[in-house]
Number of protein chains: 2
Amino acid sequence: MNALPAVETVPDDSRCAPAVPPALGASEAKRRAIVFKALADPNRLRLLSIVKAEPSGAACVCDLTEPLDLGQPTVSHHLKILVDAGLLSREKRGTWAYYSLVPGALESVCASILAL
Amino acid sequence: MNALPAVETVPDDSRCAPAVPPALGASEAKRRAIVFKALADPNRLRLLSIVKAEPSGAACVCDLTEPLDLGQPTVSHHLKILVDAGLLSREKRGTWAYYSLVPGALESVCASILAL
DNA sequence: CGCATACATTGATGGTGGTCGATATTCGGG
DNA sequence: CCCGAATATCGACCACCATCAATGTATGCG
């Protein structure tokens, strides 16, 4: 259910630049929307904020459950979404799982907004 | 262990600055998530892209319906969400409705990401 | 006035997402 | 080897969202 000739077919844009991008392709838009979907929840924004504010740069689930007033499965669920979006990284140490910001991830999202 | 006394109560932060933001308050997070919700849809990203790419800086609904392969009511719906999020502005001229980017809106979103 | 155009609104529907309770998994300790 | 702690996964429920068809509104034109 989509005519849309070949505007969004940019599979091999490993070239220099599109010069004049014909707006935004459907597949590209869908890919970028994933990151924004990850950011489109108040609790996930707070999770990112807490992790970023952590002096050690990392936080485990048990430290994130209480300030958000959410159940542990829910927090794990949100963290998984943030990891899948490429915003957080997970490192398991013993029984604990430490989450930390992916370096440059927020800057990358920022760039994708300005490059609309 | 964290009782979280009254960290997120920032109803009247019309003051200068929080100095050291204690992570992110619930109300602030909810407010910021609205903009990201608006960006969390592929078709809305494409709408923003098309409007931004327009030489005149504005586009009417009839110009946006075809490239997205969506019905006119759906496009109007998406445009309303983008306007409510403060990303687009609407200007009615005759029978046509012209949508254009709010100056500085994208930069503002970018800043809110980096200030997490 | 009457009609066509451009857009917004409404109602309905199928799909997605956030939350929780229960359960599974994995690891460290006695 | 068994037990408890920390976390992930599963199943279900409820709310929200994207989409469309139908209708409403307003503007311009003859």
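Proteins get letters first, then strands, A, B, ... in listed order; numbering begins at 1 in each. Because only heavy atoms are used, hydrogens play no part in the values below, and waters and symmetry mates are left out as well, while side chains stay in.
A donor-acceptor pair under 3.5 Å is formed between the side chain of A:Lys37 and the backbone N or O of B:Ala40.
Distance, B:Glu66 CD to C:dA6 P: 11 Å, rounded to whole Å. For the pair A:Phe36 CZ and D:dC17 P, the interatomic distance rounds to 18 Å; values are reported in whole Å. Summarising the geometry, the separation between CG on B:Leu70 and P on D:dA21 is reported as 12 Å, rounded to the nearest angstrom. Between the CG atom of B:Asp69 and the P atom of D:dT19 there is a distance of 11 Å, rounded to whole Å. If you measure from atom CG of B:Leu45 to atom C1' of D:dA18, you get 14 Å, rounded to the nearest angstrom. The interatomic distance linking A:Asn43 (CG) with C:dG18 (C1') rounds to 9 Å, in whole Å. With rounding to whole Å, B:Asp41 atom CG is found 13 Å from C:dT16 atom P.
Here the closest heavy-atom approach between residue B:Val51 and residue B:Tyr99 is recorded as CG1-O, 3.6 Å. Here the closest non-hydrogen pair linking A:Ala29 and B:Arg46 is CB-CG, 3.5 Å. Taking every heavy atom of both residues into account, B:Ile50 and A:Ala23 meet most closely at CG1-CB, 3.6 Å.
Nearer to the 5' terminus of DNA chain C, by closest-nucleotide assignment, is the contact made by A:Lys37 (compared with the other of A:Lys37 and A:Gly94).
The local environment of NZ in B:Lys30 is sparse, with at most 12 non-hydrogen atoms from other residues, nucleotides or ligands closer than 6.0 Å.
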Practice prompt. List the protein contact pattern of nucleotides 5-11 of chain D with one symbol per nucleotide (5' to 3'): B for base contact, S for sugar-phosphate-only contact, - for none; contact means a heavy-atom distance under 4.0 Å.
Written response: BSBBB--
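Rounding to the nearest 0.5 Å places CD1 of A:Ile81 at 11.5 Å from CG of A:Leu88. Rounding to the nearest 0.5 Å places CG of B:Asn43 at 5.0 Å from NE2 of B:His78.
Of the candidate nucleotides D:dC20, D:dA18, C:dT19, D:dA18 has the atom lying nearest to any side-chain atom of B:Ile81.
Within 4.0 Å of A:Leu64, counting heavy atoms only, lies no atom of the nucleic acid at all. Backbone-only engagement by B:Arg44 is indicated by non-hydrogen atom pairs under 4.0 Å involving sugar-phosphate atoms exclusively.
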